[in-house]
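Report on the following structure.
For clarity, every value in this text was computed on a predicted model and none was experimentally measured.
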Amino acid sequence: MFGIVYSACVHGIEGQLIEVEVDISNGLPQTAIVGLPDSAVRESMERVRAAIKNCGLTFPLARVTVNLAPADVRKEGASFDLAIAAGIMAASNQLSGMVTPLTLLIGELSLEGRLRPVPGVLSMVHGAKQKGFEQVIVAAENVQEARLIDGIRVVALSRLSDLAISRTGLDEEAASAAPPANTSLLAEEMPSEAGEDANAVDYADVSGQLHVKRALMIAAAGMHNLMMIGPPGTGKTMLARRLPTILPDMSDAEALEVTKLYSVAGKLSDRGSFIRKRPFRSPHHTVSAGGLIGGGSIPKPGEASLAHGGVLFLDELPEFTRTVLEVLRQPLEDRHVTIGRARAVYSFPSRFMLVASMNPCPCGYYGAETASSACSCSPLKIGAYRSRISGPLLDRIDLHIDVPRIDYGTIVSRTPPLSSAEMKAAVLRVHGLQQKRYKSAGIHFNGELTGRLLRKHCAVRPDAEQLLKQTFDALGLSARAHDRILKIARTIADLDEHHDIGVPHIAEAIQYRQLDRQVHDTANR
């Protein structure tokens with residue numbers, strides 16, 4: 001006797017369909033699972049056996065062989081339990097007609113036959129929809145997540161016995177008990193405006209620091225990486241946490257991709273809606289390299305991928321170990337993370353804005369001495385502190401901005417501070433301009449310009465080019481730093497609604513290479 005049903009697994013963040021073939025033949029009672037299963041999949045047979053018996057069904061006293069195809073793809077996790085049980089029931093004529101050839105089965109089984117939720121359902125259902133499947137059966141806890149994909153029927157299952165041949169009407173019962181219609185990407189029900197406003201943060205909360213807000217607006221407009229340098233208590237973290245408020249809303253495709261990442265990582269707090277708020281991730285400086293970019297025997301997304309579409313904030317950057325920081329170099333350039341394992345290579349998207357902060361010295365008060373706080377660090381200690389960040393990583397950070405102390409008058413000033421709404425309006429205008437400019441270029445933002453595209457879209461006036469040349473020679477900049485200045489100047493020109501890059505744009509862009517100037521000044525002492 002032979003039965004075949006379909007399940008799925010997650011490879012990276014994409015769902016991959018798996019054929020579950022079951023053969024029951026004469027012989028001594030024994031079971032075997034083939035097709036590169038991991039230990040969790042091999043153990044599933046014991047869960048399936050107990051679940052079938054405890055649901056009042058019959059487990060075949062024969063030779064049972066389960067094949068998970070394609071056989072060269074490693075199968076991991078407990079999401080195959082339901083499909084393996086259904087395959088055995090199909091081969092032994094116990095399965096109801098609700099499981100059609102275009103039905104996907106996903107779920108873990110308890111020993112008493114209850115269905116438990118599994119992570120990554122959104123990716124699996126999306127993969128099934130793309131392959132033309134019409135129905136998916138999942139645990140009740142996964143129903144809302146599965147229904148985020150429009151155009152495929154989702155059925156909630158509570159117990160394995162509900163799939164038995166005597167319960168052919170369950171699909172209608174489950175469908176009537178489930179939400180009335182699938183939720184599409186465009187028709188998603190969003191939280192109320194009042195609820196969002198009650199907990200919203202805004203740049204209007206930050207007094208002063210207008211030049212830092214200007215730099216953050218430039219960074220958001222061109223999707224540039226940014227570093228803030230200043231003594232403790234000047235608002236670096238406060239400024240960084242408000243950056244998502246001036247970024248444009250996520251598109252449907254971005255929302256789907258980000259929600260997939262969180263589903264695969266098991267961090268989807270609200271299974272019934274897409275993640276529409278741009279992520280803000282702020283890992284502690286003790287994070288490991290695997291925690292930052294992802295890893296593990298079964299690779300999962302790290303902080304760099306969980307920040308996809310949003311902001312990765314590294315507070316007190318020199319406190320991170322150098323080996324951890326260096327793993328960011330590849331994601332910052334390629335905008336995805338690649339993790340190689342013996343049997344497979346996994347890829348996770350990681351297109352994020354890197355925002356970092358640091359003190360000017362180990363004690364934090366170099367250049368900002370007051371009566372109560374004076375810097376006690378020697379030049380040697382300051383140099384050692386700053387050298388914890390490698391030159392190649394600094395080159396990948398476009399803007400370096402000084403965040404000084406603010407005086408009492410600024411704190412108590414009644415002048416309305418620059419708000420997130422005002423900054424976002426300018427950012428959205430520049431984003432719209434970039435979408436038109438790069439429509440056929442394969443990129444979206446000035447921060448992604450490289451090589452030929454950089455030369456094509458960064459037309460510099462002769463007097464501005466002369467200024468850039470003088471600065472390049474005087475500061476001994478790298479070629480990458482030269483390109484970063486051009487990209488920043490392109491964004492500044494866009495904010496000023498200028499087609500060509502002029503002297504004011506280059507001059508302002510150079511001012512945002514704070515650390516390049518400091519390194520040059522230190523070398524000439």
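Of the possible donor and acceptor atoms, none in the side chain of Arg490 sits under 3.5 Å from a partner among the backbone N and O of Ile501. Arg396 contributes no side-chain N or O that, together with a main-chain N or O of Leu328, makes up a donor-acceptor pair within less than 3.5 Å. A donor-acceptor pair under 3.5 Å is formed between the side chain of His336 and the backbone N or O of Asp334. Checked by atom type and distance alone, the side chain of Arg513 never pairs as donor or acceptor with a backbone atom of Ala509 at under 3.5 Å. Between the side chain of Gln209 and the backbone N or O of Thr234, at least one donor-acceptor pair lies under 3.5 Å.
The two residues Met423 and Lys213 make their nearest non-hydrogen contact at CE-O, 3.3 Å. Here the closest non-hydrogen pair linking His284 and Phe320 is O-CE2, 3.5 Å. Of all non-hydrogen atoms in Lys424 and Ile246, the two that sit nearest each other are CG-O, 3.7 Å. A pairwise comparison of heavy atoms in Val264 and Ser123 identifies CG2-OG, 3.7 Å as the closest pair.
Partners of Ala507 by side-chain contact (heavy atoms from CB on, under 4.5 Å), not counting sequence neighbours, listed by chain and number: Leu467. Every residue meeting the side-chain contact (heavy atoms from CB on, under 4.5 Å) condition with Ser263, not counting sequence neighbours, appears here in chain and number order: Leu122, Glu145, Leu268. Under the rule for a salt bridge (Lys or Arg N to Asp or Glu O under 4.0 Å), Glu141 has no partner lying at least two apart in sequence or in another chain. Residues passing the salt bridge (Lys or Arg N to Asp or Glu O under 4.0 Å) test with Asp500: none are found, sequence neighbours excluded. In this structure Arg484 satisfies the salt bridge (Lys or Arg N to Asp or Glu O under 4.0 Å) test together with Glu333, Asp398, sequence neighbours excluded. Every side-chain contact (heavy atoms from CB on, under 4.5 Å) that Gln130 has, sequence neighbours left out, goes to His126. Shown here are the side-chain hydrogen bond (donor to acceptor under 3.5 Å, both in side chains) partners of Lys129, two or more places apart in sequence or in another chain: there are none. Applying the ring-ring contact (aromatic ring centres under 6.0 Å, His included) test to His505 and every residue at least two apart in sequence or in another chain returns His498.
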Show me, pair by pair, the donor-acceptor contacts under 3.5 angstrom made by side chains of residues 448-459, not counting sequence neighbours?
| unit_1 | atom_1 | unit_2 | atom_2 | d |
| --- | --- | --- | --- | --- |
| Glu448 | OE1 | His444 | N | 2.7 |
| Glu448 | OE1 | Phe445 | N | 3.0 |

Would you be so kind as to tabulate the donor-acceptor pairs closer than 3.5 Å made by side chains of residues 304-319, with sequence neighbours excluded?
| unit_1 | atom_1 | unit_2 | atom_2 | d |
| --- | --- | --- | --- | --- |
| Ser305 | OG | Pro349 | O | 3.2 |
| His308 | ND1 | Arg351 | N | 3.0 |
| His308 | NE2 | Glu257 | OE1 | 2.9 |
| Asp315 | OD1 | Ser357 | OG | 2.4 |
| Asp315 | OD2 | Thr237 | OG1 | 3.2 |
| Glu316 | OE1 | Asn359 | ND2 | 3.4 |

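For the salt bridge (Lys or Arg N to Asp or Glu O under 4.0 Å) condition, the pairs that include at least one residue of residues 285-313, sequence neighbours left out, are Arg281-Glu303. For residues 220-242, every residue pair satisfying the salt bridge (Lys or Arg N to Asp or Glu O under 4.0 Å) rule, not counting sequence neighbours, is listed here: Asp205-Arg242.
Taking the charged nitrogens against the carboxylate oxygens, Arg437 and Asp494 do have a contact shorter than 4.0 Å, which makes a salt bridge. For the pair Lys487 and Asp483, the salt-bridge criterion is not met [side-chain N within less than 4.0 Å of a carboxylate O].
Not less than 6.0 angstrom separates the ring centroid of His400 from the ring centroid of Tyr512.
No side-chain heavy atom of Val10 sits under 4.5 Å from any side-chain heavy atom of Lys260. Contact of the Met228 side chain with the Val355 side chain is registered, since non-hydrogen atoms from C-beta on lie closer than 4.5 Å. Residues Glu326 and Ser390 are in side-chain contact: their nearest non-hydrogen atoms beyond the backbone lie under 4.5 Å apart.
Asn446 and Thr491 share a donor-acceptor pair across their side chains, judged by distance under 3.5 Å alone.
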